[in-house]
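One structure is given below, encoded as C-alpha cells.
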Amino acid sequence: MNQKLCPTQLNYLDLVSNELRDFPENNSEVLNLIQSRKNSFNRFKREFLKNIDSIKNKNLKAFALLVSTRFQDDDFLNILNTKFDYDLLNNELANFAKGIYYLHKKENFKAINLLWKIFIDNKNLFTKDDFIALNDLLQYFGVSSKQNELLNYLLNNFPYELVYHQKIVFFYTLIFYDQITIFSKNNLNSLINKELDFLYNYSKTADDFQLLAQYFYNFNKVEKFIECNEKAFLLLNIKNPTTKHLNNFNTRIDNVRNTFNPQLCLDSVNDVLDILNNMGIKAFPDGGTLLGLYRDGKLMDYDHDADLGILVNNEIKENIKKITENIIQEIDLKSKYKFNIFSVHSNGFYYMIALRSELVCIDIIYYHQNYFNEENNTKYYGGFIKKWCPMFWCYDDFYLTKQTLANKEYWLPNNIEKQLEQVYGLTWKQHLSNWDSSVSCPNIPPQSKYAVFDTGINSLYDNLKLNNYERANYYYNELQRWEYPFTDAMKNHIENYLQQIKNNK
C-alpha cells in the first residue's frame, strides 16, 4: 500500500481531503484503508469532529457519512446529520454515501433509487458486499428489470462471491434466470456444471436442502426438486426452530400484511384504475379486491395486496409489450401514490405487472382467451409464468359492464357472483382465516400443478419453522389435495411435527 496512507506526522483530515480531491478516480486506497482499519476510522473521526465547524469540503462531508455508516457508528451519524444537510451535497460521493446510509437505516426505496443511479455510472465505488446487498434488496422488492442488469454484472465480475452468498449458489441468481443475458447465462451454466456435485454434498441442514430445491425447480428438474424438499423436511427439528432463510417473497408479503391499510390500498387501486381508464383500457377489480368490494363494500382488513385484471382483446394481444410499457410509464408519471418499483413478469407473450410501494402491492393480470387452445370450451386464463410453469386462474367466458360498488363506478365482470364462485368456490361469502389463492382456488387448472407445488411446499416449510400450526396444517392439507408426492417417511415426519406444535400451543 502507498506509504503516504500511513502517516505519522500529517493531519489525517488533510490527508483524506487531498486523496478525495480528484474523486472518484483516486479515492479507492483511502476508502479501503478506512474500511479495513478501525483505528484509522477512529483517527479520522477525532480529527473530523475537532474541525467540524470549519469543514467546507463536500466530498469530505460525504466521506464522513459513508465511513460512519460502514462502521455503524450511530453517535457519529447523528452528529453529522445534525451539522450538515446531506441533501444539498449533490455529487456522486454524496449520493453514494446517502444510499449506503439509507441501507443502514432500512429506508429501502430511497436506497434503491440512489444506489442504482450510482451503480450505472460509478461501479468502482461499490465493494463486493455492497453489490450483494443491493442484489438482495432488488430481489426482496421484486425489481426484476434492474436486477437483471445487476446480476449480469455480478456474474461477469464476481461469480464466486455471488455463488457462496447465503450458502446455496443459485437461490437469488436463478429467480430471474430467464432474464440473464446469453453471455452471462453461459458463464452461469458452466459454473453450475462445475459446482453441482459440491453443492449437493455441501448441503447438510434443512435450510441448505430447501434452498437447493429452489435451484432445481428453477431449471425444471422436478425429481431433484422433490428429493431435496424431502431431505429438508426430514431434517427439520422442532427442538431448534429458526426463522432464518424464509422464502423472500413470503417474507415481503408478510411485511406488507403487517402494515396493510385497506383504505390506502383502495385509494391506490382507484388511482391506478383511473389512469388505465383514461388510456382506454378497461381494467377491473379482480380476486380478493373484487371479493371485498362486492361482499363487504370495502377491501378486507386481513388482505395484503390488491388485484386488477385486463381482458386481452385483439389490439392488446398484438401489441402487448408496447401497451405494457405504456401502462408502466403512465402510472409512473401520473399516479399520486408514486409506485417506484415495477416488476414485469413475462415469457414474451404472457405478462403480469406488479406495482410496489412501501405500503401497497397491486398486481395487474392479463386475461387471455383460450390460452391452452381447448376445443369447444371458451375460457379466460389469467396469471403469470412462475419460473417455467404457469400460475393461472381460469374463468368461463365473461365480459365487462359498468357497475357501482362501494360508491364508485367500475368496469366489472357481468356476473360477479359466478366469477367469485369460480375462484373461491361456494365458500366465497365466508370470511376464511386461512386462504392462499396460489393453492386453494378451484379454478387453478391442472397445467399449474407444479407452480402450486412450489408455492405450497415453501409455505409449508416456512410455517413449520415458525411453529404456526394452523397455517402449516392448511398448506399440508392443500398439498395432499393436489397430490404432492409425499413419501411415507416425509408424511410421518410432518404429521409428528404438526402434532408437537399443536401440543406445545
Side-chain angles (χ1 to χ4, degrees), residues 222 249-250 253 257 284-296 299-300 302-312 345 350 352 363-400 405 412-460 463 470-486:
V222 175
F249 176 79
N250 289 337
I253 291 298
R257 183 185 284 117
F284 59 95
D286 186 28
T289 303
L290 178 61
L291 174 64
L293 290 174
Y294 184 76
R295 184 187 63 190
D296 308 326
L299 298 191
M300 296 175 286
Y302 51 84
D303 209 344
H304 59 263
D305 67 354
D307 303 298
L308 303 178
I310 296 175
L311 288 182
V312 177
H345 303 278
Y350 211 97
M352 184 191 83
D363 292 335
I364 303 177
I365 294 173
Y366 292 86
Y367 283 88
H368 292 260
Q369 199 171 53
N370 276 8
Y371 182 81
F372 294 108
N373 298 318
E374 298 141 315
E375 294 183 6
N376 303 318
N377 191 13
T378 303
K379 290 184 179 294
Y380 276 99
Y381 288 89
F384 58 97
I385 303 299
K386 186 177 175 65
K387 318 298 189 297
W388 52 273
C389 182
M391 182 70 251
F392 282 164
W393 298 269
C394 68
Y395 298 90
D396 293 338
D397 193 17
F398 68 97
Y399 56 91
L400 302 177
L405 290 180
L412 295 168
N414 59 298
N415 188 334
I416 296 176
E417 293 197 2
K418 178 182 178 182
Q419 196 88 351
L420 293 174
E421 186 175 315
Q422 288 182 84
V423 70
Y424 295 107
L426 297 176
T427 62
W428 68 266
K429 294 182 181 180
Q430 303 174 22
H431 288 265
L432 301 177
S433 57
N434 287 319
W435 181 272
D436 185 332
S437 59
S438 295
V439 298
S440 292
C441 291
N443 65 339
I444 299 175
Q447 294 90 340
S448 295
K449 179 176 71 171
Y450 286 105
V452 173
F453 283 0
D454 181 48
T455 297
I457 203 71
N458 281 319
S459 299
L460 171 60
N463 282 285
E470 286 77 14
R471 293 292 287 177
N473 192 53
Y474 160 74
Y475 282 109
Y476 181 51
N477 290 331
E478 288 300 284
L479 284 167
Q480 290 183 94
R481 183 174 66 83
W482 276 94
E483 299 181 348
Y484 183 90
F486 291 107

>> I want to know whether Tyr367 and Tyr381 have ring centres closer than 6.0 Å.
In response: no
> Can the ring centroids of Tyr484 and Phe453 be said to lie less than 6.0 angstrom from one another?
Replying inline: yes
Rounded at 0.5 Å granularity, tell me how far [atom1] in [X] sits from [atom2] in [Y].
| X | Y | atom1 | atom2 | answer |
| --- | --- | --- | --- | --- |
| Asn443 | Lys379 | CG | NZ | 9.0 Å |
| Lys418 | Ile416 | NZ | CD1 | 13.5 Å |
| Asp303 | Trp435 | CG | CH2 | 13.0 Å |
| Asp307 | Ser437 | CG | OG | 7.0 Å |
| Tyr395 | Gln419 | OH | CD | 5.5 Å |
| His304 | Leu299 | NE2 | CG | 12.5 Å |

> Can you check whether Tyr399's main-chain N or O pairs, donor with acceptor, with Asn414's side chain at less than 3.5 Å?
Replying inline: yes
So which atom in [X] and which in [Y] form the shortest heavy-atom distance, rounded to 0.1 Å?
| X | Y | answer |
| --- | --- | --- |
| Pro442 | Gln422 | CG-O, 3.3 Å |
| Ile310 | Ile364 | CD1-CG2, 3.6 Å |
| Asp436 | Ser438 | OD1-N, 2.8 Å |
| Gly287 | Tyr424 | C-OH, 3.1 Å |
| Arg295 | Gln430 | NH1-O, 2.8 Å |
| Pro445 | Trp482 | O-CH2, 4.1 Å |

> Under the side chain to side chain contact (heavy atoms under 4.5 Å, CB included) criterion, do His431 and Asp296 qualify, and how do the steps go?
Replying inline: CA-CA 10 Å; His431 288 265; Asp296 308 326; 3.3 Å; yes
>> Holding to ring-ring contact (aromatic ring centres under 6.0 Å, His included), I want the full list of residues that pass it with Tyr474, two or more places apart in sequence or in another chain.
In response: none
>> Would you call the rings of Tyr294 and Trp428 parallel, tilted or perpendicular, taking 30° and 60° as the class edges?
In response: tilted
> Should the pair Tyr366 and His368 be assigned to parallel (<30°), tilted (30 to 60°) or perpendicular (>60°) ring geometry?
Replying inline: tilted
> Taking only residues two or more places apart in sequence or in another chain, which ones pass salt bridge (Lys or Arg N to Asp or Glu O under 4.0 Å) with Asp363?
Replying inline: Arg356
>> Is the shortest side-chain heavy-atom distance between Leu412 and Leu400 below 4.5 Å?
In response: no
> With a 4.5 Å heavy-atom cut-off, do Asp397 and Gln369 have their side chains touching?
Replying inline: yes
>> Does Arg481 form a salt bridge (Lys or Arg N to Asp or Glu O under 4.0 Å) with Glu478? I'd like the steps, not just the answer.
In response: CA-CA 5 Å; Arg481 183 174 66 83; Glu478 288 300 284; 2.8 Å; yes
> For Asn415, what residues pass the side chain to side chain donor-acceptor pair (under 3.5 Å) criterion, not counting sequence neighbours?
Replying inline: none
> Can a donor-acceptor pair be found between the side chains of Asn463 and Tyr475 at a distance below 3.5 Å?
Replying inline: no
